[in-house]
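Whatever order the structure lists them in is the order used to number ligands and atoms, beginning at 1.
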Amino acid sequence: METYSERIKIMVGDITQLPTEAIVNAANRSLLGGGGVDGAIQRAAGRGLLQECRTLGGCETGQCKMTGAYNLPCKRVIHAVGPVWFGGHQGESGLLASCYDSAMKLAVEHNLSSIAFPCISTGVYRFPKDEAARIALRTVFKHIRDDYEGQVVICCFSRDDEEYYRKCFWEESLTLLGDHEAVQGYKEKIDAITPEFWDEAFSLIPQLEQGAKPSNGRGMERKYGFCTSPADYLSWVHCFNVDAMPDYYNINNVYCLCVIATFLARKLYWTGSCATPEELLKFLRPVREIVLRS
Ligand code: AR6
């Protein structure tokens, strides 16, 4: 079954060969070609692409323009102008996020069924690869959460580049649940949970399976310093895309499952009525599997 995290695929390959509906080019402001992936795309597309690019009048850093794909197997090329890295104090991160954001907006606007990105700015433009991977994933996950229904491919040119995405994939996919900063704050609480908390939480599963609301929830949360009052609980409620949570059942991400399981447990404990035992079990059981396996 398709899950939210399957809607984004990370691979190693040559982006000019991909049959996705669109591919993104890491271009420069002239849009008139260059080296790296830009050179490869221009060569594989043929002269028609350069001729169309000449009519566009260039493009600002952080923005994108779309053209046809000529001899390429894809149907559209989205030319994104990434920032040159000058040490990080010249708005480089915001500009790189803006590249991914405007490419995703074009994909939404034109109803593109799939879009492939290279690692923009991480070649000639020297943007640090770990931070670039985080920015790319965060921005793409935000659109998968909010408005993009197709598939995103991140096409790395080497195994080493792919590794940067693999390392931060789970953490960045938390953006699927809500605003990045707020969810990261909640994640810090999850990271601080002791094994004893999980043992006690999992011991409630039999009660939940019988349809009973666990009676010792509040005591347990207080005991582990996780949540001390309804106000404390409420301060976290607004971070999450709560209405979409039932759809996140298939998220292949231990952090997402932990976040949802603890969130629903709190909802059950502190409001007494909003989450049902069945809702909570859907998340608590897979978390137990993962915690027991690790
Ligand atoms: N398929 C996928 N990725 C590729 C390919 C390919 N065929 N070829 C290279 N890469 P870069 P930038 C990777 O330098 O840093 C150009 O001259 C490459 O390994 O192409 O945004 C433009 O005209 C790296 O991970 O783009 C601009 O002047 C990534 O693509 C300038 O370079 C981006 O590297 C843009 O620099």
Side-chain angles (χ1 to χ4, degrees), residues 8-47 49-67 69-88 90-104 106 114-137 139-140 151-169:
I8 172 165
K9 181 176 158 201
I10 298 166
M11 60 169 286
V12 178
D14 176 355
I15 203 166
T16 65
Q17 311 274 319
L18 297 185
T20 45
E21 190 162 5
I23 64 169
V24 176
N25 180 17
N28 58 53
R29 285 165 54 193
S30 77
L31 299 186
L32 298 180
V37 71
D38 193 3
I41 288 173
Q42 292 283 355
R43 269 194 306 280
R47 289 188 57 77
L49 179 60
L50 185 58
Q51 276 162 11
E52 186 176 352
C53 284
R54 285 206 182 101
T55 67
L56 299 176
C59 180
E60 291 301 314
T61 303
Q63 300 297 311
C64 293
K65 287 191 178 172
M66 192 158 76
T67 64
Y70 302 88
N71 298 334
L72 291 162
C74 59
K75 301 213 165 39
R76 305 288 195 114
V77 179
I78 295 174
H79 304 267
V81 183
V84 177
W85 179 259
F86 287 114
Q90 303 201 22
E92 293 95 329
S93 294
L95 287 166
L96 187 61
S98 161
C99 276
Y100 283 93
D101 193 52
S102 51
M104 290 302 296
L106 283 173
S114 53
I115 177 170
F117 286 93
C119 310
I120 302 171
S121 279
T122 63
V124 175
Y125 284 178
R126 304 183 315 273
F127 201 105
K129 293 182 177 191
D130 50 353
E131 183 59 16
R134 284 187 178 278
I135 290 170
L137 287 177
T139 314
V140 163
Q151 198 195 27
V152 178
V153 175
I154 305 275
C155 179
C156 301
F157 208 42
S158 70
R159 289 253 163 250
D160 285 353
D161 284 355
E162 186 194 32
E163 202 44 39
Y164 289 101
Y165 287 85
R166 299 240 168 263
K167 269 195 208 136
C168 63
F169 185 82

Provide the number and element of each atom of ligand 1 under 4.0 Å from a heavy atom of [X].
X      : answer
Thr122 : 15 (O), 24 (C), 25 (O)
Ala26  : 21 (O), 22 (C), 26 (O), 35 (C)
Asp38  : 22 (C), 23 (O)
Asp14  : 1 (N), 6 (C), 7 (N)
Gly34  : 17 (O), 23 (O)
Cys119 : 25 (O), 29 (C), 33 (C)

Tell me the protein heavy atom at minimum distance from [atom], and give that distance in Å.
atom                    : value
atom 20 (O) of ligand 1 : Val37 N, 2.8 Å
atom 13 (C) of ligand 1 : Phe157 CB, 3.9 Å
atom 16 (C) of ligand 1 : Gly35 O, 3.4 Å
atom 21 (O) of ligand 1 : Ser121 N, 2.8 Å
atom 27 (C) of ligand 1 : Tyr125 OH, 3.5 Å
atom 15 (O) of ligand 1 : Gly123 N, 2.8 Å

Proximity of Asp161 to ligand 1 by residue part, where a heavy atom lies under 4.0 Å: side chain
Reference residue Ile15; test side-chain contact (heavy atoms from CB on, under 4.5 Å); the match among Pro118, Cys156, Cys119: Pro118
Passing candidate, side-chain contact (heavy atoms from CB on, under 4.5 Å) with Thr16, options Val77, Leu72, Asn25: Leu72
Just distance, no hydrogens or angles: give the donor-acceptor pairs under 3.5 Å from side chains in residues 27-37, sequence neighbours left out.
{"residue": "Asn28", "atom": "OD1", "partner": "Ser30", "partner atom": "N", "Å": "3.0"}
{"residue": "Asn28", "atom": "OD1", "partner": "Ser30", "partner atom": "OG", "Å": "2.7"}
{"residue": "Asn28", "atom": "OD1", "partner": "Leu31", "partner atom": "N", "Å": "3.4"}
{"residue": "Asn28", "atom": "ND2", "partner": "Gly33", "partner atom": "O", "Å": "3.2"}
{"residue": "Ser30", "atom": "OG", "partner": "Leu32", "partner atom": "N", "Å": "3.0"}

Cationic N near anionic O, under 4.0 Å, Arg159 to Glu162: yes
Regarding ligand 1, does [X] bring an N or O atom to under 3.5 Å of one of the ligand's N or O atoms?
X      : result
Gly36  : no
Ile15  : yes
Val124 : yes

Gly13 touching ligand 1 at heavy-atom level, < 4.0 angstrom: yes
Contact check, Gly82 vs ligand 1, heavy-atom distance below 4.0 Å: no
Are any non-hydrogen side-chain atoms of [X] and [Y] less than 4.5 angstrom apart?
X      : Y      : answer
Leu137 : Ile8   : yes
Ile115 : Met104 : yes
Ser114 : Val153 : no
Arg76  : Leu106 : no

Let me have the donor-acceptor pairs involving side chains of residues 53-66, under 3.5 Å, with sequence neighbours excluded, atom names and distances please.
{"residue": "Thr55", "atom": "OG1", "partner": "Glu52", "partner atom": "O", "Å": "2.5"}
{"residue": "Lys65", "atom": "NZ", "partner": "Leu56", "partner atom": "O", "Å": "2.8"}
{"residue": "Lys65", "atom": "NZ", "partner": "Gly58", "partner atom": "O", "Å": "2.7"}

Plane angle bin for Tyr100 and Phe117 - parallel if under 30°, tilted between 30 and 60°, otherwise perpendicular: tilted
NE2 on His79 to CD on Gln42, rounded to 0.5 Å: 6.5 Å
